[in-house]
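Working notes, beginning with the structure itself.
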Amino acid sequence: MENIHNRRVIPEVEPGYLKQLLPDTAPEMSECFDDIMKDVERTIMPGITHWQHPHFHAYFPSGNSYPSILGDMLSDAIGCIGFSWASSPACTELEAITMDWLGKMMGLPNIFLHGSGEGGGVIQGSASECILVTLLAARHHALQERESMSPLIRNDSNLPKLVAYCSKLSHSCVEKAGMLGFVHLRQLDVDDNLSLRGNVLEAATQEDKKLGFIPFYVCATLGTTACCSFDNIAELGEVCVRENIWLHVDAAYAGNALICPEFQHLIKGAENLTSFSCNPNKWMLVNFDCSLLWVRDRLMLTSSMTVDPLYLQHKHEDQTIDLRHWGIPLSRRFRALKLWFVIRSYGVTGLQAYIRKHIKLAKLFETYVKNDARFEVSAPVNMGLVCFRLKGPNSLTKKLNRLINEAGQLHMVPALINKNYVIRFALCAENANENDIEFAWKAISAIASTLLARPSVEKSVSEYRASESDEEERSEETSEEDEEGDNAFMEFDNDIIFDESSTRMRSVMFRRSTFQRMISDPKCYDPKARGFSRGGRRRYMSESCSKRNPLSFDEPIFNF
């Protein structure tokens, strides 16, 4: 950590590099630990993307701190498997206590706390797990309710009618949860502030009910991955209460900021939520994995995950509960230790100062962008994330992002906001400061100057400006010389409008595969890997899927 700034942020390796450096078979005899550590530097470190580097600005923060590392080391040394209270009482009880601490720090309603005797919280591995668990629980309760209303109708006949909802900007794990849960998922449009509103959800649920379908689950987002926008959970909650729909809020990144009172207005209407999740391993200095999930009613979650009538084991007067049935795995690490270490080491005020510092630095970077006439900010800067782009065709920002990552001084990843290709600048390092922001902007500005000086780029920008009023962008009319380097991502489909109710499934599937490439494709940073994992649309969808109307739910949405 002391010397990480001397390393390159992202590696200069090609896919498969490690196989060339390590033997094909495991060693027969034990090896000296010093030799193993030498090989760490020789073989492993050249292939590391340094998420803790002061110039790493991709994705979201990967939380880390000295107290958290020590807490995890102690957990590993203790080595308990906390699947029940009896298997390790402290593991169970400390988790319930720290979950209540965080719930109070974030301003969650009392009904979500263990102390209320109604709800409670548990530590999961990731936000993806939280979404999958809550969707499965919601599905279970929806089917049970329908069966109680019509005892002669089997649950499996109602399953194809279940419909879940999220916004077009929700994380891809919501879609994955829908696939694993075998339910239909509608991705709804957002307003000008990139927020999912109650009237949009209301219209979608009424439309589906008229067609004979069963709305049962909504996943709202506080702090979307692409641009850190916020769905209106107060409005969504009112709709979900009226329609008896499970409302889960995914606040993986931005939820951490709720420990600062000035941001707690974002959960206005939280009393109407069914569940809420947040990842301290993103923005609260806790190392991975540590995703917090609260539910307002223990029975809603535990009864759907187990048939064991003894799932609640009240111990002593504080009614600490057995958490083993609140997630997918039975085995549980002692993750509450690192959370406990961090909260006690920094205190609430220290963690608040850390969050506010990142937000202040993001605003500083926003100022740099706004003061340069070549650039524009693409979304409101709400937290520690700034989305920006070069004024001009999408291909111009694509090239800039590629050149920045190839240079190796910085690392940033792109996103697609409506039809705009943008670069995400995220504050990630614990000790980030104003010098880091100045360094980043100087590097970005210098690379942009070099790019804009290319004759082919000047021509492309001139053509774009001359046709700004045209409905169809001429962004892809670049020279053949630049086109190969611009092919890091597939060409965007003009028909993509992010509303499943008015677009073909082909476009929906294409959009999600594009997002996956944005966050995982080696070509994002290594020009040598441009031929790796290359593929066209047909790789991601079948002919039957591309021709299907998403509102004709007569067959599964996803073709396995």
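Atom CD of Gln124 sits about 10.5 Å away from atom CG of Asn279, to the nearest 0.5 Å. Phe216 CZ to His140 NE2: the interatomic distance, rounded to the nearest 0.5 Å, is 13.0 Å. Note: Leu351 CG to Tyr354 OH = 9.5 Å, rounded to the nearest 0.5 Å. For the atom pair CG of Leu185 and OH of Tyr217, the computed distance is 9.5 Å after rounding to the nearest 0.5 Å. Note that OH of Tyr421 and OG of Ser395 are 10.5 Å apart. Values are rounded to the nearest 0.5 Å. Rounding to the nearest 0.5 Å gives a distance of 6.0 Å between CD1 of Ile123 and CG of Leu292.
Between the side chain of His184 and the backbone N or O of Lys161, no donor-acceptor pair lies under 3.5 Å. Judged purely by atom type and a 3.5 angstrom limit, Asp208 has no side-chain atom pairing as donor or acceptor with the backbone of Phe213. Side-chain N or O atoms of Asn394 include one that pairs as donor or acceptor with a backbone N or O of Lys419 at under 3.5 Å. Under a 3.5 Å cut-off, the side chain of Arg146 and the backbone N or O of Asn158 do not form any donor-acceptor pair. In terms of modelled atom types and a separation under 3.5 Å, the side chain of Asn401 and the main chain of Ile423 share no donor-acceptor contact. Between the side chain of His358 and the main chain of Ala429, a donor-acceptor pair closer than 3.5 Å is present. Thr367 contributes a side-chain N or O that, together with a main-chain N or O of Lys363, makes up a donor-acceptor pair within less than 3.5 Å. Glu95 places no side-chain N or O within 3.5 Å of a backbone atom of Arg335 that could act as its donor or acceptor partner. A distance-only check finds a donor-acceptor pair linking the side chain of Lys391 to the backbone of Ala373 [under 3.5 Å]. In this structure, the side chain of Asp189 does not engage the main chain of Lys168 through any donor-acceptor pair within 3.5 Å.
Stacking of Arg424 on the aromatic ring of Phe60 is recorded, both the 6.0 Å distance cut-off and the 45° axial limit being met.
Met284 and Val342 make their closest contact through O-CG1, 3.6 Å (heavy atoms, listed as atom of the first residue, atom of the second, distance). For the pair Asn281 and Ser291, the tightest heavy-atom approach, listed with the atom from each and the gap, is OD1-N, 3.8 Å. Contact record, Leu194 with Ala379: CD1-CB, 4.1 Å, taken as the closest heavy-atom pair. Across all non-hydrogen atoms, the minimal contact from Ala362 to Val381 is CB-CG1, 4.2 Å. Between Cys219 and Ser170, the closest heavy-atom pair is O-OG, 4.0 Å. Here the closest heavy-atom approach between residue Glu262 and residue Arg356 is recorded as OE2-NE, 2.8 Å.
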Verdict with supporting geometry, Leu132 and Glu129, side chain to side chain contact (heavy atoms under 4.5 Å, CB included): CA-CA 5 Å; Leu132 175 60; Glu129 291 178 44; 5.7 Å; no
Step-by-step salt bridge (Lys or Arg N to Asp or Glu O under 4.0 Å) determination, Glu118 to Arg296: CA-CA 7 Å; Glu118 300 178 26; Arg296 62 180 297 147; over 6 Å; no
Derivation and outcome, side chain to side chain contact (heavy atoms under 4.5 Å, CB included), residues Asn420 and Ser378: CA-CA 8 Å; Asn420 289 326; Ser378 305; 5.5 Å; no
Glu202 vs Arg242, side chain to side chain contact (heavy atoms under 4.5 Å, CB included): CA-CA, chis, key distance, verdict: CA-CA 10 Å; Glu202 176 82 26; Arg242 285 198 303 270; 2.6 Å; yes
From CA spacing to verdict: side chain to side chain contact (heavy atoms under 4.5 Å, CB included), Val183, Leu159: CA-CA 7 Å; Val183 297; Leu159 180 59; 4.2 Å; yes
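With ring centers used as reference points, Trp51 lies 6.0 Å or more from Phe288.
Within the 4.5 Å cutoff, no side-chain heavy atoms of Tyr368 are placed close to those of Ile444. In this structure the side chain of Leu339 reaches within 4.5 angstrom of the side chain of Pro280, judged on heavy atoms. Side chains of Gln352 and Ile355 form no contact here, defined as non-hydrogen atoms less than 4.5 Å apart. Ser277 is listed as a side-chain neighbour of His248, based on a closest heavy-atom distance under 4.5 Å. Looking only at side-chain heavy atoms (C-beta outward), Asn244 and Glu145 come within less than 4.5 Å of each other. Contact annotation: the side chain of Leu390 approaches that of Arg374 to within less than 4.5 Å [non-hydrogen atoms, C-beta and beyond].
Remark: Lys357 NZ is packed, more than 12 non-hydrogen atoms of other residues, nucleotides or ligands lying under 6.0 Å away. Within a 6.0 Å radius of CD in Gln206, more than 12 heavy atoms belonging to other residues, nucleotides or ligands are found.
For the residue pair Tyr165/Thr205, the side-chain donor-acceptor check at 3.5 Å is not satisfied. Ser229 and Ser195 share no side-chain donor-acceptor pair at under 3.5 Å. Judged by distance alone, the side chains of Trp246 and Ser275 do bring a donor and an acceptor atom under 3.5 Å apart. In summary, the side chains of Asp250 and Thr221 do not present any donor paired with an acceptor at a separation below 3.5 Å, with no hydrogens or angles considered.
Between Phe365 and Trp441, the angle of the ring planes goes over 60°, which puts this pair in the perpendicular group of the 30/60° scheme. Between Tyr59 and His411, the angle of the ring planes goes over 60°, which puts this pair in the perpendicular group of the 30/60° scheme.
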